Each structure stands twice: as structure tokens, then as C-alpha cells.
Protein chains: 2
Amino acid sequence: MAEQDDGLDERKQQILKAVIDTYLATGEPVGSRTISKYTDLKLSSATIRNEMADLEDMGYVIAPHTSAGRIPTDKGYRFYVDRMMQIMKENSDQIEKKQKDLDKREKELDDMRKFISSKVDKVDDLLENVARLLAKDTNYASMISTPSVKGNKLKFIQLTKLGSGKILLVIVMDGNLIRSKVVEVSEDITQEQILKLNLLLNTTLNGLTLEQMNLALLSGLESKAGQEHGQIIREVMQALIESIQNADHLQIYTSGATNIFKYPELSDSTTASELISTLEEKKGLTSLIKSEKDSSTEDGITVYIGDETPVESMKDCSVVTATYELHDGMKGTIGIIGPRRMDYQKVVETLKTIRTQLDDIFKKS
Amino acid sequence: MAEQDDGLDERKQQILKAVIDTYLATGEPVGSRTISKYTDLKLSSATIRNEMADLEDMGYVIAPHTSAGRIPTDKGYRFYVDRMMQIMKENSDQIEKKQKDLDKREKELDDMRKFISSKVDKVDDLLENVARLLAKDTNYASMISTPSVKGNKLKFIQLTKLGSGKILLVIVMDGNLIRSKVVEVSEDITQEQILKLNLLLNTTLNGLTLEQMNLALLSGLESKAGQEHGQIIREVMQALIESIQNADHLQIYTSGATNIFKYPELSDSTTASELISTLEEKKGLTSLIKSEKDSSTEDGITVYIGDETPVESMKDCSVVTATYELHDGMKGTIGIIGPRRMDYQKVVETLKTIRTQLDDIFKKS
DNA sequence: AATTAGCACTCGTACGTATCGAGTGCTAAC
DNA sequence: GTTAGCACTCGATACGTACGAGTGCTAATT
């Protein structure tokens with residue numbers, strides 16, 4: 001009943017929640033009268049006013065100008081996200097939500113299944129479509145990164161003579177990921193040489209992860225093979241090394257960038273332009289992709305509010321990211337980018353179900 | 001001296017050109033006084049006014065409101081592009097342009113060379129970078145499509161047993177384009193079967209273009225192979241057929257979408273949103289990709305002005321496209337999307353040099 | 001002591017009016 | 001055929017007023 005951590009007593013919390021909830025819905029500063037009616041707590045606007053003044057002093061809300069209602073500050077949002085979303089989770093307004101959830105999930109699953117059928121060699125398409133789906137579903141912008149394959153095990157390497165001076169190099173990894181390349185060599189290589197090389201490579205490298213094939217191992221292999229087979233082999237090995245090192249080239253898909261125009265606070269032409277640029281260019285998004293550990297929430301979902309985001313151009317946004325897992329520790333990142341006043345609850349939920357589904361898909365393949 | 005086609009005498013043409021030129025530069029309606037000073041034709045503003053009134057009657061320019069200057073209509077732009085740009089080409093203001101051109105081209109060439117070094121298996125990266133370059137260079141939005149490989153000849157097909165129930169399928173085409181896929185089959189196939197199949201496929205299909213491998217040929221092959229080798233083979237063939245038919249999946253890269261914010265007439269939030277959406281989604285851009293023939297200009301460069309563009313959301317834009325050639329008739333399309341008042345001359349020139357460079361790169365590989 | 005009613009005050013928004021100036025069309029003079 | 005001159009139009013800009021939502025504070029109420 002009395003003061004809790006952060007000095008917010010029960011009632012202040014309720015009022016803060018009310019402010020944020022209605023602000024999320026309307027996007028406009030919310031006044032004391034509104035709350036006095038909206039909530040079940042039977043309090044007059046005057047009382048609310050006093051409390052809100054306190055909340056403002058404590059930095060949870062702010063009034064854009066003297067005679068306007070209050071809007072949440074980043075601190076307010078943070079409190080809301082950290083403290084209040086779990087409470088809601090356990091709470092009881094799920095009667096109506098259950099049904100909605102079921103419908104939505106059903107639809108999502110359906111959409112997903114369509115793309116599962118198009119199998120593994122189209123991971124790219126799958127991810128792209130997931131991004132699209134997310135964006136359409138949430139009305140925010142979405143991004144998704146291809147999972148790292150660094151931890152993937154090598155299944156099979158094959159060199160094939162293609163014609164004069166050209167050799168086809170194919171690398172197959174766990175999860176049926178394929179990388180292929182045509183290598184041009186200065187001299188011809190004999191059929192026999194290729195066969196031997198194939199054998200050597202497969203016996204030496206098979207089952208290793210890309211990580212384990214460090215430079216030392218590979219260049220050791222290169223010189224060894226070169227000793228036996230000469231200069232051309234060295235060229236081939238060099239190409240192989242390059243291929244393996246480039247195999248992990250991370251890709252990022254985005255969708256729904258234009259959703260930001262649905263939120264006036266982001267529609268201003270320079271803000272929008274910068275935002276869309278970073279979404280288009282993709283490079284800037286890498287800082288959102290998570291390394292193993294820093295999953296701040298237990299379930300690998302992170303919420304960045306306003307300035308907290310590592311991406312400069314998203315200072316006026318909030319970003320929610322989740323990781324999905326391929327198999328052993330290979331992670332990709334999904335992200336939702338929207339206005340500060342995004343529906344955090346819905347986004348977190350959506351992200352969770354999508355993540356689960358992706359996990360399932362990849363585990364099967 | 002007298003009336004030419006379209007009823008525009010020499011002087012009217014000069015005035016029209018002046019209007020358009022200064023409007024391209026400023027983006028604001030241009031008045032009679034401005035032109036009277038700007039041009040070398042020694043005419044008072046009053047005379048210009050009369051001429052401009054005529055031009056308005058004929059539909060080449062329009063006044064946004066009573067007391068404003070004139071801006072070009074689509075018809076005006078069209079005339080400008082069709083008639084006047086060749087003239088300028090031959091004209092003499094190239095003294096200053098030459099140097100600028102040289103610098104620019106040099107820079108472009110340099111940038112290109114960097115990416116040529118990264119060779120053919122990165123066509124995608126190359127094209128993406130060309131798009132970026134174009135966008136940065138012109139300050140408009142750019143798009144570029146991967147060339148069709150329908151006309152590409154098959155060089156090599158290879159099936160490899162990968163493990164139980166899995167077969168690696170690799171297709172190599174002219175220009176070292178590779179498509180690969182892992183095929184899952186219900187039963188194991190023997191090593192011997194695979195070798196025979198490899199032989200059969202290569203001897204039958206080698207040198208054919210993807211186009212020539214029509215369904216009839218392939219399914220004939222399928223049943224023939226199936227007869228000899230049973231059910232599993234049929235599955236493999238089926239996968240092959242799919243692969244070949246999907247091999248030509250066209251990709252489109254875009255860049256600089258946010259450049260449109262540099263032009264107020266496109267910055268309005270709904271216009272911008274629609275435009276950026278179609279650039280982001282890419283699907284809508286396919287109508288810009290050209291079939292062989294309809295190169296309206298001799299050199300395969302097409303200029304769409306305003307409503308002329310086949311893309312709905314670009315009604316307020318102009319679009320200039322060019323085709324580049326891989327080798328035998330395989331074409332890709334480059335496009336620039338900007339405001340009606342785009343610098344047509346510069347864009348056409350830039351497009352031409354880029355196209356030439358692309359042609360060169362691909363001819364070498 | 002906490003809550004509430006009441007009220008003066010603030011400030012953003014909408015709207016009407018006045019002013020300004022760029023540019024036109026037209027007429028008459030050259 | 002060209003140009004000077006002038007009345008006129010109309011968007012843009014600035015300013016003043018009215019309105020209303022919402023506040024903060026004080027005094028009354030429970």
C-alpha cells in the first residue's frame with residue numbers, strides 16, 4: 001500500500017498506467033478529466049491533477065505545454081514496460097484477448113505454412129515474408145536478420161572441373177545451406193588432382209564448424225595440399241578460404257518502412273527520411289542484432305525506448321527485438337521499429353509467437 | 001523560321017526551353033520578367049508574356065494560379081525531352097560540361113572498378129552498389145533489375161549424393177551463374193544411378209538455353225529417365241524442372257528512396273509514402289522492366305513523364321529507364337525515379353555511361 | 001488530512017482581416 | 001510587331017481575436 005520502489009505508490013502507478021494506456025491509444029496528451037472518467041478509481045479530476053503534478057516532478061510524465069495534458073517520458077515508458085507488463089500478463093482481461101489471439105495466431109500460422117512448403121533453399125524468401133507479415137500485422141516497421149552460420153557444421157565440399165581453367169566449388173552446410181562459386185585458375189588441373197583434393201578436404205574438414213576452420217587450419221591445409229599438388233592447388237585453396245570466410249555474410253530484410261507515416265510524430269519529413277534511409281540501407285541496423293548474452297529480458301526480448309536505442313536515427317522511436325534460434329546457438333534477430341507510443345504488449349506477444357514459429361521451422365529442417 | 005511541327009516557331013521553342021530550364025533549376029513557377037533577363041533573346045517581359053499566353057493556350061505550360069508564373073505541363077516536358085535534348089547535345093555549352101563529365105566519369109569508373117574486382121559471383125552486390133551510386137550521383141531514387149537468364153545456356157548439371165535421401169543438385173550456366181539446391185527423395189538412390197543420370201542430363205541438356213528447356217522436353221526426359229531408373233529418379237527430375245523454372249527469378253535493387261524528400265512536390269506524406277512503398281516492395285516495379293522491343297529511343301532509353309509511367313504511384317514523377325545487356329539478348333533494366341522537373345539531360349547521360357560500363361563488365365566475364 | 005469544487009490563468013488552434021508583392025492581361029503608345 | 005504602363009488577381013504573411021482544453025491553486029467539504 002505504502003511507497004514502493006521508485007517511490008510510486010499503488011495509486012500513482014494506476015494513474016501512470018492510465019496515462020500511458022490512453023496515450024498509446026490516442027497519441028494525444030491526456031488530461032486529468034479524461035483519466036477521472038476512464039479509470040475505475042473513483043477520483044475527481046482535481047485529485048488526479050495533483051497526482052499527475054507529482055508524477056511530473058518525479059519525471060514519469062511531462063506536459064508539452066502549460067495547458068496541455070501529460071504524455072509519458074522515456075522513464076515513464078520504461079517503468080511501464082519493466083513493471084507493468086508482467087502484471088498485465090497475469091491479469092484477467094484475457095477473456096476477450098484469448099479469442100483475438102487465437103484468430104491472429106491461426107492466421108499467422110497459415111501464412112507461415114505456405115512458405116514452409118517452399119523449403120530451405122529459400123530461407124531468404126521465408127525471412128522476407130516474415131518481415132512483411134510482421135509489418136502488416138503490427139503497423140510498425142520490421143526487420144529480420146539472417147541467422148549466423150558461423151556455428152554451422154560443414155557437411156560436404158565438392159570441387160568439379162568445369163572446363164579450361166574453371167573449377168566449380170560447392171560447399172554444403174548443416175541445414176542444407178549451400179554456397180557455390182566458380183574459381184578461375186591459371187593452369188589446368190587434372191581430374192586426378194581434383195579427386196584427391198576432394199578427398200583431402202572432406203576428410204579433414206567434414207563436421208567442423210566454420211568457426212573451427214580458422215585461418216591456421218586452412219592455411220596449413222593449403223600448404224600441405226600445395227606441396228603435394230603444386231601451385232594451382234594453392235589457388236583453389238585460396239578461393240575456398242575466401243568462400244568460407246564470406247559464407248557468413250549477414251543479410252537484413254526490412255519491411256513496412258512506410259508504416260511510420262501512420263504516426264504523425266515520425267512523419268515529419270526529415271525524421272521520416274532519416275529513418276527510412278537507415279531501414280533502406282540496412283547497414284545501420286547491425287547494431288540491433290544481438291550477441292549471445294545481452295538478452296536483457298529472460299526470454300531474449302529487448303525493448304529500447306527512445307534514446308536507449310543504439311541506432312542514431314531512431315531516437316524518436318522505440319525498438320523491440322527478439323532473437324530466434326536456428327540450431328546450436330546460431331541466432332538471428334527480429335526487430336520492430338515504431339513510435340515511442342507503440343503497443344509494447346502486442347508487439348512483445350507477436351514477436352514471441354513469431355519467434356517460436358521460426359524456431360520450429362528451423363528445427364525441423 | 002516559320003511555323004514548325006506542333007506549331008511552335010523558333011522563338012516559342014526558345015521561350016519554352018527557358019521556362020523549363022529555369023523551372024528545373026528552381027522548382028518554382030517562372031515569370032516573364034525572369035525570362036526576359038535570363039535569356040539572350042532581347043525581348044521585354046511584355047512580349048514574353050504574350051508568347052507565354054500562347055504557349056499556355058497550346059498546352060505546353062500552365063499557370064498554377066492567376067498571378068503566378070508558368071510551369072511546364074507534361075506536354076511541355078515531352079516536347080522538351082523529344083525535341084530539344086538532341087539539339088543541346090550537339091550544341092556548344094559543352095566546354096564547361098566536358099570537364100565536369102570527365103571528373104564524374106572518372107569517379108564512377110573508379111567506384112566501379114572496386115566492385116569488378118569482387119567478380120561474378122557477386123553480381124548482386126555489384127548491382128546493388130550501382131544502384132547506390134546512381135542514387136547518390138543524381139539525387140533521385142534508383143532501381144536496377146538483375147538481367148534475365150532465360151537466354152543463358154546451360155553449361156553443366158551435377159547431381160551428388162549427399163547422404164540418406166538427400167541429393168545435391170547444382171546447375172551452372174553461361175556467365176558462371178550457379179543455382180543449387182538440396183533435393184530430398186523418399187528412397188535412396190545408388191551411386192551408379194546418379195552417375196548415369198548425370199551423364200544423361202549433361203549430354204541432353206548441355207548448351208541449351210533455359211528457354212529451350214521447355215516443359216515438353218523436360219518431362220519427356222523425366223519419363224525416359226524414370227523408365228530406366230525408377231521412381232526416385234522421377235522425383236529428382238521433378239526437382240530439377242522446378243529449379244530450372246525458378247532459376248530466372250528476377251530481382252530488383254533500389255536505392256535512394258529518401259531522395260524524394262529533397263523535392264517538396266513529392267514530400268507530402270501520402271505521396272511519399274506510396275512512392276517509397278512501391279520502391280520498398282519492388283513488385284510494382286516490374287512494369288518498368290523492358291521487353292526487347294519497346295525501346296522508344298534508338299538507344300534503349302525511355303523517358304516517362306508524369307502520367308505516362310506505368311506505375312500508378314509514380315503519377316507525380318518522371319521515370320527514365322535504360323537497358324543494359326549481359327550477352328546475347330539478356331537484358332536488365334536500370335531506372336531513375338524523380339520529380340517531373342528532373343534534370344533529364346544529366347540523367348540520360350549518366351544512365352548512358354553507367355550502361356556502357358555495365359555492358360563492358362559483363363562482356364568480359 | 002485527504003478530497004473536491006471553483007476559478008483565474010495559460011497557451012495552442014482556428015479563423016478572419018489587412019497588407020504585400022509577384023505576376024498577369026490588356027490597352028495604348030512606339 | 002514590340003514595349004511601356006497600369007489595374008487587377010491571388011497566394012503568402014502577419015496579426016488580432018475568440019475559443020476551449022487543461023492546468024494550478026485556494027478554499028470549502030468530508
Side-chain angles (χ1 to χ4, degrees), chain A residues 1-3 8-16 18-20 22-23 25-73 264-265 268, chain B residues 1-3 7-16 18-20 22-23 25-73 76 264-265 268:
Chain A
M1 192 112 302
E3 304 263 318
L8 286 193
D9 61 29
E10 184 65 22
R11 199 170 71 178
K12 282 200 174 56
Q13 287 195 27
Q14 284 180 307
I15 291 174
L16 177 57
V19 170
I20 296 185
T22 67
Y23 182 67
T26 66
E28 271 164 21
V30 352
S32 51
R33 251 179 76 81
T34 317
I35 292 190
S36 151
K37 284 192 239 160
Y38 172 83
T39 50
D40 1 356
L41 9 97
K42 295 288 178 207
L43 290 174
S44 78
S45 59
T47 314
I48 309 279
R49 271 204 291 286
N50 291 329
E51 293 289 49
M52 291 213 298
D54 290 351
L55 283 173
E56 182 159 13
D57 288 342
M58 297 186 223
Y60 290 99
V61 296
I62 198 171
H65 60 264
T66 325
S67 74
R70 304 305 209 294
I71 62 176
T73 60
E265 40 316 12
D268 142 68
Chain B
M1 191 111 304
E3 304 261 321
L8 286 193
D9 62 27
E10 184 63 23
R11 198 170 70 178
K12 283 199 173 57
Q13 286 193 28
Q14 285 180 305
I15 292 174
L16 178 56
V19 171
I20 296 184
T22 68
Y23 182 67
T26 66
E28 270 164 19
V30 354
S32 50
R33 251 179 75 81
T34 318
I35 293 190
S36 152
K37 284 193 243 164
Y38 172 82
T39 50
D40 1 354
L41 7 96
K42 295 289 180 207
L43 291 174
S44 77
S45 60
T47 314
I48 308 277
R49 271 203 291 285
N50 292 327
E51 293 288 48
M52 292 214 297
D54 291 350
L55 283 173
E56 180 159 14
D57 288 342
M58 297 187 223
Y60 290 98
V61 296
I62 197 171
H65 60 265
T66 324
S67 72
R70 305 304 212 290
I71 61 175
T73 61
E265 59 279 40
D268 142 68

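Please read these numbers as outputs of a predicted model, since none were measured by experiment. Sequence lines set the chain letters: A, B, ... in the order given, protein chains first and strands last, and positions in each chain run from 1.
- The structure places CD1 of B:Ile20 at 10.5 Å from OH of B:Tyr60, a figure rounded to the nearest 0.5 Å.
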Sequence neighbours excluded and cut-off under 3.5 Å, please list the side-chain donor-acceptor pairs for residues 34-42 of chain A, or say none.
residue : atom : partner : partner atom : Å
A:Ser36 : OG   : A:Leu43 : O            : 3.1
A:Thr39 : OG1  : A:Ile35 : O            : 2.8

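- Each salt bridge (Lys or Arg N to Asp or Glu O under 4.0 Å) pair with one or both residues in residues 44-61 of chain B, not counting sequence neighbours, appears once here: B:Arg11-B:Glu51, B:Lys12-B:Glu51, B:Lys12-B:Asp54, B:Glu56-B:Arg70.
- One can place CG of B:Asp57 at 14 Å from P of C:dT24, the figure rounded to the nearest angstrom.
- Rounded to whole Å, the distance from CD on B:Glu51 to P on C:dC26 is 15 Å.
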Atom pairs under 3.5 Å: protein N/O with N/O of nucleotides 26-30 of chain D:
none

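- Remark: C1' of C:dT3 and NZ of A:Lys12 are 14 Å apart, rounded to the nearest angstrom.
- Counting heavy atoms from C-beta outward, B:Val30 and B:Ile71 have side chains that stay 4.5 Å or more apart.
- Shortest non-hydrogen contact noted between B:Gly69 and B:Pro64 is O-CD, 3.3 Å.
- Side-chain contact check for B:Met58 versus B:Leu8: some heavy-atom pair is nearer than 4.5 Å.
- In this structure, CD1 of B:Ile71 is placed 16 Å from C1' of C:dT24, rounded to the nearest angstrom.
- Closest heavy-atom contact between B:Ala68 and B:Ala63: O-CB, 4.3 Å.
- Side-chain to base pairing of A:Arg70 with D:dG24: no donor and acceptor N or O lie closer than 3.5 Å to each other.
- When the P atom of C:dT3 is taken as reference, atom CG of A:Asp54 falls 11 Å away, rounded to whole Å.
- Shown for residues 31-46 of chain A: residues whose heavy atoms fall under 4.0 angstrom of DNA chain D, namely A:Gly31, A:Ser32.
- As rounded to whole Å, 16 Å separates atom P of C:dC9 from atom CZ of A:Arg49.
- Checked against D:dT2, D:dC25, C:dT3, the side chain of A:Thr47 finds its nearest nucleotide in C:dT3.
- For B:Ser44, the side-chain hydrogen bond (donor to acceptor under 3.5 Å, both in side chains) partners at least two apart in sequence or on another chain are B:Thr47.
- A:Ile62 CD1 to A:Leu55 CG: the interatomic distance, rounded to the nearest 0.5 Å, is 12.5 Å.
- One atom, CD1 of A:Ile48, and another, P of D:dG24, lie 13 Å apart when rounded to the nearest Å.
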Protein heavy-atom contacts under 4.0 Å, written 5' to 3' over nucleotides 12-17 of chain C as B (base), S (sugar-phosphate only) or - (none), form the string S-----

Working note: A:Val61 + A:Tyr23, criterion side-chain contact (heavy atoms from CB on, under 4.5 Å); need CA distance, chi angles, decisive distance, verdict.
CA-CA 11 Å; A:Val61 296; A:Tyr23 182 67; over 6 Å; no

